[in-house]
Amino acid sequence: LQDLALYRTPQGDLSEKMPSQLNQEQMNVYLQHPTMSADLVASHTDVPQVTLQVVRQHHERKDRTGFPNRVGGNQLHPMAEILSLINSYYDVSKQIEDDATAIQELAKSVFPHYSENIVTAFKQVLGNILKDKIHAAHAEQTK
């Protein structure tokens with residue numbers, strides 16, 4: 001639901017493009033897609049308002065550096081903050097394949113924008129995922 005509006009824009013499907021690949025016209029649409037996606041969902045479904053709020057805020061950050069409305073602080077729904085952090089992680093991991101380098105980039109440029117408790121929980125989950133990945137790679141090598 002979060003990126004629904006990116007699939008059919010006047011500039012075509014923008015869903016698989018990184019912001020750095022967009023021209024100015026496409027970027028204007030991209031920056032408004034959270035609001036447009038929530039409006040689209042609201043017009044065709046009967047989802048709870050909290051779901052629409054999370055869709056609207058899925059690129060916002062606790063420190064108000066996100067978009068489209070620079071919502072932050074206590075106005076930012078915790079689920080939206082989690083989704084925003086996941087989106088930021090996904091963007092970094094698409095650009096940096098090496099896990100250690102990606103984690104360094106997250107610590108430097110992503111984590112400072114989010115609540116400490118959200119970042120701590122994310123690190124714990126990510127740590128478990130990476131441990132599982134290492135164990136799976138080791139098991140594959142020992143076959």
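Computation of the quantities below employed the complete heavy-atom set of this structure, encompassing side-chain atoms and omitting hydrogens, waters and symmetry-equivalent molecules. Since we're looking at a predicted model, the values are computed, not measured.
Put simply, Leu1 and Leu6 are part of two different groups of oily side chains (I, L, V, M, F, W, Y) that touch within less than 4.5 Å, one to the next. Clustering ILVMFWY residues whenever any of their side-chain heavy atoms sit less than 4.5 angstrom apart, transitively, puts Phe67 in a cluster other than the one holding Val71. Grouping the Ile, Leu, Val, Met, Phe, Trp and Tyr side chains by contacts below 4.5 angstrom, directly or via other members, places Leu22 with Leu31. No continuous path of ILVMFWY side-chain contacts below 4.5 Å connects Leu76 to Leu83, so the two sit in separate hydrophobic clusters. Both Ile86 and Val119 belong to a common hydrophobic cluster when Ile, Leu, Val, Met, Phe, Trp and Tyr are linked at side-chain heavy-atom distances under 4.5 angstrom.
At least one side-chain heavy atom of Phe111 sits under 4.5 Å from a side-chain heavy atom of Lys123. Side chains of Met18 and Gln95 form a contact here, defined as non-hydrogen atoms less than 4.5 Å apart. Counting only heavy atoms from C-beta outward, the side chains of Leu85 and Tyr89 never approach each other to under 4.5 Å. Looking at Leu40 and Ser37, their side chains never come closer than 4.5 Å, going by heavy atoms from C-beta outward.
Of the N and O atoms on the side chains of Asn128 and Gln124, not one donor lies less than 3.5 Å from an acceptor on the other residue. With hydrogens and angles left out, the side-chain atoms of Gln57 and Asn69 include no donor and acceptor closer than 3.5 Å.
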Please evaluate residues Gln11 and Glu25 with respect to the criterion side chain to side chain donor-acceptor pair (under 3.5 Å), reporting the C-alpha separation (whole Å), side-chain torsions for both, the decisive distance (0.1 Å), and the verdict. CA-CA 8 Å; Gln11 291 79 30; Glu25 202 174 334; 3.0 Å; yes
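Less than 6.0 angstrom separates the ring centroid of His58 from the ring centroid of His33.
With respect to Val92, the side-chain contact (heavy atoms from CB on, under 4.5 Å) criterion is satisfied by exactly one of Leu106, Ile103, Asn87: Leu106.
Scanning all heavy atoms of the two residues, the minimum distance from Pro19 to Met27 falls at O-CE, 3.3 Å.
Using cut-offs of 30° and 60° for the angle between ring planes, the Tyr30 and His59 rings count as tilted.
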